[in-house]
Amino acid sequence: MEPLKKVKFIAVHHSQRKIDSVKRIKNLHIKIRGWEDIGYHYLIDKKGKIYFGRSEKFIGAHVFGYNKNSIGICLIGNFDEEKPTKKQIQTLIKFLKEKVRKFKIPIKNILGHREFLNVTKTCPGKFIDMEKIRRMLM
Ligand SMILES: [Zn+2]
């Protein structure tokens, strides 16, 4: 895997399935897609527990054109169909605050997958308000 040299963006994703698990996502990325490791750097389940995916020392596979300078975090669930849990959002905010400090990333560079250039997906889902999340980081 290639080293991740400079983190300029954080991309927020959802797993797109209502019932999902870290194990299933890992299985999909590694066994089915044939990647060396899971595409996301972190995952947050519905209980607000954070899981490590690919080491943030390495380039992930989660957002076209921006993998080289971003970290990917995936919230488990389908947020086009349901709301994230309060605990998920709490953990996400705490996580983002830490990374903003660590990598000195401007808050405007914390983006939902759909906010990156040329993305036609709804990811991380219509129930995730990225403006609100960025405001919570200020
Ligand atoms: Zn996504």
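One-based numbering, in listed order, for ligands and for the atoms of each.
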* Charged N to carboxylate O below 4.0 Å: is that the case for Arg101 and Glu98? ->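 Here Arg101 does not pair with Glu98 in a salt bridge, since their nearest N and O are not under 4.0 Å apart.
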* **Asp45 with Lys49: basic N within carboxylate O range, under 4.0 Å** =>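 No, no charged N to carboxylate O under 4.0 Å.
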* Under 2.8 Å from the Zn ion (ligand 1), which protein atoms of type N, O or S occur, listed by chain and number? ->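 Hits for the Zn ion (ligand 1) below 2.8 Å: His13 ND1, His113 ND1, Cys123 SG.
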* Distance, nearest 0.5 Å, that separates NE2 of His113 from NE2 of His62 ->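 Here the rounded value is 8.5 Å.
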* To do: Verify whether the ring centers belonging to Tyr42 and Phe52 lie closer than 6.0 Å.
  =>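 Between Tyr42 and Phe52, the centre distance is under 6.0 Å.
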* To do: Work out which heavy atom in Lys121 is nearest to a heavy atom in Arg114; give both atom names and the distance.
  =>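 Looking at all heavy atoms of both residues, the closest pair is O-CB, 3.2 Å.
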* Asked: Out of Ile110, Ile50, Thr91, which one pairs with Ile73 under the side chain to side chain contact (heavy atoms under 4.5 Å, CB included) rule?
  ->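 That would be Ile50.
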